[in-house]
Structure formats: C-alpha cells, structure tokens
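The residues of the chain are indexed from 1 along the displayed sequence. In listed order, ligands and their atoms are each counted from 1.
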Amino acid sequence: MGELNGKLQDNLSGIHEIQSFGREEYETEKVDERNFEHIRAMLQALKISAIFHPSVEFISSLGTILVVGFGGYLAYRDGLRVEDIVAFLLYLSLFYGPVTGLANLLENMQQSMAGAERVLAVLDTPCEIQDKPSAVPLKEVRGDIAFDHVSFSYSSDIPVLRDVSFHCEPGRMLALVGPTGVGKTTLTQLISRFYEPTAGRILIDGHDISQVTLESLRQCISPVLQDTFLFNGTIAENIGYAVPEATMEEIREACPGSQYP
Ligand SMILES: Nc1ncnc2c1ncn2[C@@H]1O[C@H](COP(=O)(O)OP(=O)(O)OP(=O)(O)O)[C@@H](O)[C@H]1O
Ligand SMILES: [Mg+2]
C-alpha cells in the first residue's frame with residue numbers, strides 16, 4: 001500500500017514531466033504492477049483473516065460445549081448445582097469478549113505497521129551531514145567567501161562542479177551566470193553545507209565551513225530561494241520566519257530590503 005501510494009504521489013507531482021517525455025504508458029504499467037502486488041497482499045491478508053476469525057469463534061463455541069457437557073456430567077454424577085454451571089457459562093462469555101478484542105487489535109496493529117514501516121524508514125534515516133566533534137561556532141561573520149578547488153557531484157558518475165575556485169570579499173555582490181543545470185544552485189547550497197564537497201574547501205572569513213557548527217553557519221546565511229515557498233500563515237509570519245522573536249516593526253523594516261512594498 002505504501003509503495004503504491006508513493007508511486008501515485010510521484011506520478012501526480014511529476015505529471016508534467018511524464019507527459020512531456022511521453023512516458024504515460026511506462027508509468028501506467030508501473031502503477032499496475034504495484035496495484036497487483038497490493039491486490040495480492042490484500043487477498044493474502046483476507047485469506048488469513050477468513051481462517052483466523054472462524055477459528056476464534058470455533059474455539060469459543062467449543063468452550064461452551066465443554067462447560068455444558070462436562071458440567072452436565074458433573075451435575076448428574078456429583079450433584080453439581082445448575083446455578084454453578086450457568087455462572088461458569090457467564091464467566092466464559094465475559095472471558096471471550098477481551099480475547100476477541102485482542103484478536104481484532106492484533107489485526108489492526110498489523111495494518112498500522114504496514115503504513116508505519118515507511119514513515120519510520122524516513123524518520124530513522126540518519127542525517128549525512130553532522131557537526132564534527134571538534135566543530136566550533138562561527139562568530140561575527142564579515143562575509144568573506146572563498147572556494148578553494150571545490151569539486152562536487154550528486155552521484156559518483158556525473159560531476160556537477162569540477163575544481164571551482166573564487167573569492168568574494170565582504171559586501172561585494174557576485175553573480176554566477178551560466179546555462180540551466182550548470183550547478184549555480186548547487187554551489188550556493190554547498191555554502192550552507194546541505195551537501196559536502198567531494199574535494200576542496202569552502203572558507204568563510206578564512207574558516208573552513210566543515211570545521212564549524214551547522215547551526216552557527218546557517219544562522220549567518222540568508223538564502224533567497226529560486227522557488228519561493230510560503231508557509232501556511234500570514235505574510236508577516238513568513239517574512240519573520242528565520243527570526244521568531246522579530247517584532248512587527250522589525251518585519252516592516254525588512255520589507256523594503258526584500259523588495260516587498
Ligand atoms: N538533489 C539533486 N540530486 C541529484 N542531482 C541534482 C540534484 N539537484 C540538482 N541536480 C543536478 O545537478 C545539476 C546542477 O543543478 P543546479 O540546480 O545546481 O543547476 P542550476 O545552475 O541552478 O540550474 P538553473 O539555472 O536551472 O537553476 C543538474 O544537472 C541537476 O540535474
Ligand atoms: Mg538554480
């Protein structure tokens with residue numbers, strides 16, 4: 001179910017790409033495959049459930065028969081009182097309630113675990129980029145950025161940046177110009193350490209950013225993203241997102257700077 005949902009979500013998000021590349025048939029086949037897997041798993045679960053529930057019913061009925069049969073025999077032979085047999089039958093029905101409940105609970109748990117598996121896999125994924133044990137906080141940044149023979153690739157076979165070196169002095173504006181997909185956004189993301197360079201160093205005010213704490217590094221960078229993302233809430237909340245304690249006055253002051261009227 002999780003796999004089928006994941007595939008459907010992928011396809012709906014990338015529907016433009018699928019249509020542009022004419023891959024509708026291929027994607028339909030993939031969804032069909034997962035759908036059949038889901039149906040197979042559902043049938044299997046129904047089969048187990050069809051065996052399990054009647055078995056529980058059968059065992060509970062067997063209990064009643066045993067009490068009535070054996071109790072009747074004892075009443076006949078040793079003079080067991082009828083009230084005791086009736087009381088026993090009542091106890092037995094009280095006992096079966098929770099047992100059936102437990103069986104249903106087990107089934108619900110199995111169903112929930114199927115969904116939880118995917119969620120837990122995501123939650124348990126360790127973050128690749130961590131602070132080094134010797135990391136120090138980056139303080140009072142002037143904004144001197146230097147790339148020292150930096151190379152980077154998302155996957156080992158396709159290099160994105162190869163031996164990039166440049167220096168940007170504090171207060172200067174630097175434009176990276178190039179065709180789409182050349183690695184401009186990637187380069188800016190390396191400065192915030194969303195990825196580690198495969199070779200070379202990035203320095204801020206002369207400090208190698210791999211040796212400073214992630215929190216202090218990201219606190220001194222204000223990215224303006226290519227794809228604007230607005231959080232649910234007011235415009236003021238979105239402008240003040242990085243500084244939760246910002247007052248309304250400070251948010252207003254920030255507006256002209258961010259070219260918002
Ligand atoms: N998260 C990612 N995983 C794998 N490859 C990626 C990822 N992000 C980008 N790429 C690839 O890395 C290359 C550089 O992408 P990047 O987004 O940095 O380019 P860009 O210069 O910013 O392009 P644009 O001008 O379109 O914004 C592209 O080939 C892109 O497909
Ligand atoms: Mg880009």
Student: Filter on salt bridge (charged side-chain N to carboxylate O under 4.0 Å, His left out), then keep only pairs touching residues 111-128, sequence neighbours left out; what's left?
Tutor: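 Non-adjacent pairs meeting salt bridge (charged side-chain N to carboxylate O under 4.0 Å, His left out): zero.
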Student: Under 4.0 Å from a heavy atom of Tyr195: which atoms of ligand 1 are those, numbered in the order shown and with their elements?
Tutor: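 Listed by number with element, the hits are 1 (N).
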Student: Look at atom 30 (C) of ligand 1 and say whether a protein heavy atom is found at less than 4.0 angstrom from it.
Tutor: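 Under the 4.0 Å cut-off, atom 30 (C) of ligand 1 has no protein heavy-atom neighbours at all.
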Student: Can you tell me which residue and heavy atom of the protein come closest to atom 12 (O) of ligand 1, and the distance to 0.1 Å?
Tutor: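 The closest one turns out to be Tyr154 CE1, 3.3 Å.
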Student: Do Lys184 side-chain atoms and Pro179 backbone N/O form a donor-acceptor pair below 3.5 Å?
Tutor: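 A pair under 3.5 Å: yes.
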Student: Any atom of ligand 1 sitting under 4.0 Å from a heavy atom of Gly183?
Tutor: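 Checking ligand 1 against Gly183, which is what was asked, there is a heavy-atom contact under 4.0 Å.
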Student: Crowded around Gln189 CD? As in, over 12 foreign heavy atoms under 6.0 Å?
Tutor: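 For Gln189, atom CD is crowded (more than 12 foreign heavy atoms under 6.0 Å).
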Student: Do any N/O/S atoms of Thr185 come under 2.8 Å of the Mg ion (ligand 2)?
Tutor: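 Yes, within the cut-off.
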Student: So among Asp205, Ile204, Ile209, which one has a side-chain contact (heavy atoms from CB on, under 4.5 Å) with His207?
Tutor: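 Among Asp205, Ile204, Ile209, the one that satisfies the side-chain contact (heavy atoms from CB on, under 4.5 Å) with His207 is Asp205.
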Student: Using a 4.0 Å cutoff against the non-hydrogen atoms of Thr185, which atoms of ligand 1 qualify?
Tutor: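 Answer for ligand 1: 17 (O), 18 (O), 20 (P), 22 (O), 27 (O).
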Student: Decide whether an N or O pair under 3.5 Å exists between Gly178 and ligand 1.
Tutor: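 So ligand 1 has no N or O lying under 3.5 Å from an N or O of Gly178.
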Student: Kindly indicate, with the supporting measurements, whether the criterion salt bridge (Lys or Arg N to Asp or Glu O under 4.0 Å) is fulfilled by Arg218 and Glu215.
Tutor: CA-CA 5 Å; Arg218 289 180 186 167; Glu215 196 190 353; over 6 Å; no
Student: Quick one: nearest non-hydrogen protein atom to atom 24 (P) of ligand 1, plus distance?
Tutor: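 Checking every protein heavy atom, the shortest distance to atom 24 (P) of ligand 1 gives Thr180 OG1, 3.4 Å.
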Student: Atom 25 (O) of ligand 1: which protein heavy atom is closest, and how many Å away?
Tutor: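 Its nearest protein heavy-atom neighbour is Lys184 NZ, 2.7 Å.
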Student: Does the cation-pi check pass for Arg201 over Phe147, that is, NZ or CZ under 6.0 Å from the six-membered ring centre and within 45° of its axis?
Tutor: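 No - Arg201 does not lie over the ring of Phe147 by the 6.0 Å and 45° rule.
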Student: Looking at atom 23 (O) of ligand 1, what's its closest protein heavy atom, distance included?
Tutor: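 Atom 23 (O) of ligand 1 sits closest to the protein heavy atom Gly181 N, 2.8 Å.
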Student: Select one of side chain, backbone, both or neither to describe which atoms of Val182 lie under 4.0 Å from any atom of ligand 1, heavy atoms only.
Tutor: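 Both backbone and side chain of Val182 come within 4.0 Å of ligand 1.
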Student: Show your working on salt bridge (Lys or Arg N to Asp or Glu O under 4.0 Å) between Glu33 and Lys7 and close with a plain yes or no.
Tutor: CA-CA 11 Å; Glu33 256 174 44; Lys7 189 71 200 155; over 6 Å; no
Student: With no hydrogens and no angle check, is any side-chain donor or acceptor of Asp84 less than 3.5 Å from a backbone partner on Leu80?
Tutor: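 Checking the backbone N and O of Leu80 against the side chain of Asp84, no donor-acceptor pair under 3.5 Å is found.
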Student: Who's the nearest protein heavy-atom neighbour of atom 27 (O) of ligand 1, and how far?
Tutor: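 Checking every protein heavy atom, the shortest distance to atom 27 (O) of ligand 1 gives Gln226 NE2, 2.7 Å.
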Student: With a cut-off of 4.0 Å, which atoms of ligand 1 are near a heavy atom of Thr186?
Tutor: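 Counting atoms of ligand 1 from 1, those under 4.0 Å from Thr186 are 14 (C), 15 (O), 16 (P), 18 (O).
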Student: Is it the case that the side chain of Thr64 and the backbone of Ser60 share a donor-acceptor pair, with hydrogens and angles ignored and the cut-off at 3.5 Å?
Tutor: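 Present.
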